[in-house]
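By convention in this document, chain letters (A, B, ...) are assigned in the order of the sequence lines, proteins followed by strands, and residues within each chain are numbered from 1.
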2 protein chains.
Amino acid sequence: MPPASRPRPQLDVLPPLGRARQVAEALSRYIDEAGLEAGDRLPSERELMAALGIGRSSLREAVSQLQALGVLEARIGSGTYVRKPVSAHTLHLPLSIEARNLADGLMLTLEVRRGIEVEASMAAARRRTAEDIARMSDALDEMERVHLSEGTSGPADLAFHLTIYQASGNPLFGQVLEQLRGHFERFWDQPFDRPDFAGRSFPFHRQLFEAIRDGDPAAAARHTRAILDIVEEDIRDMSR
Amino acid sequence: MPPASRPRPQLDVLPPLGRARQVAEALSRYIDEAGLEAGDRLPSERELMAALGIGRSSLREAVSQLQALGVLEARIGSGTYVRKPVSAHTLHLPLSIEARNLADGLMLTLEVRRGIEVEASMAAARRRTAEDIARMSDALDEMERVHLSEGTSGPADLAFHLTIYQASGNPLFGQVLEQLRGHFERFWDQPFDRPDFAGRSFPFHRQLFEAIRDGDPAAAARHTRAILDIVEEDIRDMSR
DNA sequence: GTTCAGGCTTGGTCAGACCAACCGGTGGTG
DNA sequence: CACCACCGGTTGGTCTGACCAAGCCTGAAC
């Protein structure tokens with residue numbers, strides 16, 4: 001403690017906790033204020049560390065954290081890119097699940113998926129806007145077109161479901177399901193090798209759309225269950 | 001194994017992507033194999049980097065990532081500690097939620113919770129064993145006892161729901177919901193300040209138990225929804 | 001106009017150094 | 001004997017500077 005005559009030589013206490021956290025927050029704020037969206041590029045690390053007045057280590061640790069949180073993606077020789085836009089008020093809640101169980105059973109993940117997927121459909125039926133309906137309708141048309149012309153419709157199917165998650169008004173649905181789907185599909189080798197995989201679920205998609213469009217949560221839940229029940233059956237068939 | 005004609009000087013391609021990822025995985029494996037649990041201490045950074053044969057930067061970036069994922073916690077002058085045990089097979093799904101105010105974040109996570117919670121109750125109603133029923137019954141009795149004597153029942157309520165997750169036969173439910181609950185309760189400061197919080201959900205718990213015991217998935221889903229609806233209303237009330 | 005080689009940029013890694021907070025033992029003091 | 005101030009070693013936190021490898025981009029050669 002300095003003498004009374006000279007109370008304190010302006011000792012602004014440094015980071016009470018986590019310099020990397022501060023930097024990560026600064027980057028988040030930058031992403032928000034600069035209006036960066038998914039795919040956009042951040043300034044180079046050298047520029048950032050100069051602008052923030054910090055060493056490269058600190059900058060890199062912050063980037064590393066945001067990378068682990070799925071916010072950023074660094075590509076060597078190219079730059080650092082935004083994967084999902086964030087702001088300074090973004091709250092991160094990382095979940096961890098033991099994947100050993102998943103390896104021998106995607107049925108377990110499918111069950112969790114069903115719960116979330118049903119709830120998302122119900123939320124969409126309650127909150128969908130006119131734009132949501134238009135988006136879903138377009139995606140559904142495209143999906144049916146691809147399905148009829150090619151017999152299968154992997155990406156188009158995903159696109160349709162994404163519009164549903166979007167219509168739910170709760171971004172968490174899309175985030176959870178996106179990753180769950182990712183790890184889900186990684187388990188079997190050729191999800192689209194069987195051109196008729198989950199093909200029987202095809203007609204239910206329009207019913208699901210109509211239920212959401214008409215604002216009928218119960219029907220939306222029912223049709224979502226029907227689709228996932230078919231997926232479940234087909235998985236059982238394929239694993240025999 | 002030196003090549004016969006020396007077509008290649010053994011050029012094991014280095015990290016295709018992410019050295020930090022490899023290190024983080026190595027640390028996860030170590031935590032698993034060493035049987036470390038929450039609160040246990042890791043070797044010092046100097047030891048780790050020597051043992052792994054890497055520079056400190058790489059080690060620190062990996063630790064930084066695991067820290068962002070809530071797995072580790074570094075305390076300066078003391079060491080690095082485990083917050084939640086993981087293994088090499090642990091799957092991380094980082095969620096980000098844009099929460100201008102707490103109540104919004106609460107509602108968003110609650111919605112996801114509801115989906116999973118309902119599905120877990122239905123699964124439990126389908127698959128519960130005699131031991132499950134006994135466990136649930138005990139937990140319910142204890143919860144009711146605590147509730148009547150103390151007016152509130154946080155931990156006992158959690159214990160009851162855990163028996164449901166267990167009865168579902170799907171470990172993923174427990175894993176996801178446990179963490180979702182954790183984040184959930186961290187959002188507001190004094191979850192148990194209001195002794196009557198979610199108190200109205202009290203009677204529904206026995207109905208939920210009976211539905212699961214009787215193997216009635218539809219009723220189980222209904223009562224689970226009723227409980228969470230009350231939680232939702234109370235959140236709305238408290239945030240006013 | 002196409003191709004490709006070489007240089008520049010960018011992220012990735014390493015090494016060494018110093019700082020600040022913490023921990024534990026040591027020795028003095030009551 | 002109990003207590004506590006002190007001090008040095010340990011540990012995470014940060015900075016600097018250097019080098020590497022992969023992407024990219026420009027410009028010369030064909």
K.L.:
Using atom CE of A:Met49 as one end and atom P of C:dG12 as the other, report the distance to the nearest whole Å.
P.N.:
15 Å

K.L.:
Which whole-number value in Å describes the distance from A:Leu48 CG to C:dT10 P?
P.N.:
11 Å

K.L.:
Salt bridge (charged side-chain N to carboxylate O under 4.0 Å, His left out) with A:Asp32: which residues, sequence neighbours excluded?
P.N.:
none

K.L.:
With a 4.5 Å limit on heavy-atom distance, are the side chains of A:Tyr81 and A:Asp40 in contact?
P.N.:
no

K.L.:
Under 3.5 Å, is there a donor on one side chain and an acceptor on the other for A:Thr224 and A:Glu117?
P.N.:
no

K.L.:
Which sits closer to the 5' end of DNA chain D, B:Ser44 or A:Gly53, going by the nucleotide each is nearest to?
P.N.:
B:Ser44

K.L.:
Are the side chains of B:Ile97 and A:Leu93 in contact, using a 4.5 Å heavy-atom criterion?
P.N.:
yes

K.L.:
Quick one: is B:Thr80 getting a side-chain N or O under 4.0 Å of the D:dG12 phosphate, OP1 or OP2?
P.N.:
yes

K.L.:
May I ask you to say what B:Arg46 touches in the nucleic acid, namely base, sugar-phosphate or nothing, with a heavy-atom cut-off under 4.0 Å?
P.N.:
base

K.L.:
Can you tell me the distance, in whole Å, between the CZ atom of B:Arg75 and the C1' atom of C:dA20?
P.N.:
17 Å

K.L.:
Which heavy atom of A:Ser64 sits nearest to which heavy atom of B:Glu61, and what is that distance?
P.N.:
OG-O, 3.5 Å

K.L.:
Please report, rounded to the nearest Å, how far the P atom of D:dT10 is from the OH atom of B:Tyr81.
P.N.:
16 Å

K.L.:
At under 4.0 Å, does any side-chain N or O of A:Ser78 touch on OP1 or OP2 of D:dC24?
P.N.:
yes

K.L.:
In residues 54-68 of chain A, which ones come under 4.0 Å of DNA chain C, going by heavy atoms?
P.N.:
A:Arg56, A:Arg60

K.L.:
Starting at atom CD of A:Glu45, determine the distance to atom P of D:dT16, rounded to an integer number of angstrom.
P.N.:
15 Å

K.L.:
Which whole-number value in Å describes the distance from B:Ile76 CD1 to D:dG12 P?
P.N.:
10 Å

K.L.:
Who passes ring-ring contact (aromatic ring centres under 6.0 Å, His included) against B:Phe160, sequence neighbours left out?
P.N.:
B:His205

